[in-house]
Amino acid sequence: MEWTIWAGFAAGLLISTVTAPVGVSGAVFLLPVQLSVLGVPSPAVTPTNLLFNVVAGPGALWRYRRDGALRGGLARRLVTWTLPGVIAGAAIRVFALPGPDVFRVLVAALLLPLGGWLCLRTLRPAPQRSDAAEPSAPALAALALVVGVIGGIYGIGGGSLLGPILAARGMPLARIAPATLAATFTTSLAGAAAYAVLATASSGPVAPDWWLGLACGLGGLIGGYLGARLQPYLPETALRLLLGTLAAALGALYAAETLY
């Protein structure tokens, strides 16, 4: 329907404008909108969300690269280890977690602690450090691999989980945001391709909703650029509290839906 296309575009634009400054593509918040408002079936909602990341990602990344923020090896290390995880997560999502009830439990289990963690670390921030705050190479590899699997199941690419974890260690957000968005874009590209292949081996609605995913992504492309452009001028504390509150509220909503 035409209204869903425009609603998806508006949702992608608004969400990405708010989330891009903190290194989150917005897919973590767009997914409940697609599932409950736009009526995308499960598990097709996951590859549709990954398609959003693929289309929306270059907007913020281009702006960060232009500003010189997309440097260093953090992005490369995150991409290397989240990539195999997201492909494995796609297979798990299709063959082990196809039902909407199980998926709502998963959404609640991810969003509630994520929102609480964001709020807690905003109100009681860890000391800001640079290189000393980065996890060791083995720890970062294990973290990125696990988050990649979760991201492949959830359709968020993994960056929105890596960001809060690294920020909680005291790493500056200006360094985290470009790296996690780069990892999200790359792993979402691989995840979307994996779902396209898995669609040939499944009788369920596994393929993405192409038109809706593209509409959401186009809105996210514009919103991501705007958010990255505005990052130096926005209060970090307010943005983190907003993200934490939204995540916790959405998680609570899905938890309630599974109980009633």
Side-chain angles (χ1 to χ4, degrees), residues 11-30 49-83 86 114 118 121-122 125 128-131 133-135 140 143-144 147-148 151 156-192 216-240 242-244 246:
L13 174 65
L14 294 174
I15 291 172
S16 293
T17 301
V18 175
T19 58
V22 292
V24 177
S25 70
V28 68
F29 301 113
L30 181 63
N49 225 31
L50 290 172
L51 179 61
F52 160 77
N53 281 339
V54 171
V55 178
L61 289 174
W62 184 79
R63 184 68 218 187
Y64 279 127
R65 183 176 180 83
R66 182 179 176 182
D67 292 343
L70 197 59
R71 296 174 181 171
L74 180 60
R76 183 178 63 254
R77 290 189 288 274
L78 292 180
V79 168
T80 299
W81 290 104
T82 53
L83 197 55
V86 76
L114 176 62
L118 277 169
R121 284 302 182 180
T122 300
Q128 289 278 306
R129 298 176 293 173
S130 54
D131 293 338
E134 184 175 319
L140 186 65
L143 173 65
V147 167
I156 56 176
S160 55
L161 301 178
L162 284 167
I165 294 172
L166 295 176
R169 292 181 58 87
M171 292 180 67
L173 201 56
R175 185 179 173 210
I176 294 171
T180 55
L181 284 173
T184 295
F185 172 73
T186 307
T187 54
S188 294
L189 187 62
C216 293
L218 182 59
L221 182 71
I222 300 171
Y225 176 86
L226 293 174
R229 178 70 180 86
L230 292 171
Q231 188 198 49
Y233 310 103
L234 297 174
E236 183 172 319
T237 299
L239 281 173
R240 291 194 180 199
L242 174 62
L243 287 171
L246 285 174

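These numbers come from the heavy atoms of this one structure, side chains and all, not from hydrogens, waters or symmetry mates.
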Side chain to side chain contact (heavy atoms under 4.5 Å, CB included) involving T237 - partner list, sequence neighbours excluded:
T122, L241
Could you give the distance from CG (L13) to SG (C216), rounded to the nearest 0.5 Å?
11.0 Å
To the nearest 0.5 Å, how far apart are CZ in R63 and CG in L230?
9.5 Å
With the side chain counted from C-beta on, respond yes when N53 and N49 share a heavy-atom pair under 4.5 Å apart, and no when they do not.
no
Hits for side chain to side chain contact (heavy atoms under 4.5 Å, CB included) against L140, two or more places apart or cross-chain, chain-then-number order -> L74, R77, L78, E134, P135, L166
Distance (rounded to the nearest 0.5 Å) between L226 CG and I222 CD1:
7.5 Å
Could you report the tightest heavy-atom contact between V55 and G217, atom names first, then the distance?
CG1-C, 3.4 Å
Measuring from atom OG1 of T184 to atom CG of L189, what distance do you get when rounded to the nearest 0.5 angstrom?
12.5 Å
Minimum heavy-atom distance between A75 and A182, given as atom pair plus value
CB-CB, 4.1 Å
How close do A60 and L181 get, heavy atom to heavy atom, and via which atoms?
CB-CD1, 3.8 Å
Strictly distance-based, threshold 3.5 Å: is any side-chain N or O of T180 a donor or acceptor partner for the main-chain N or O of A177?
yes
How long is the gap from CD1 on I176 to CG on L162, to the nearest 0.5 Å?
9.5 Å
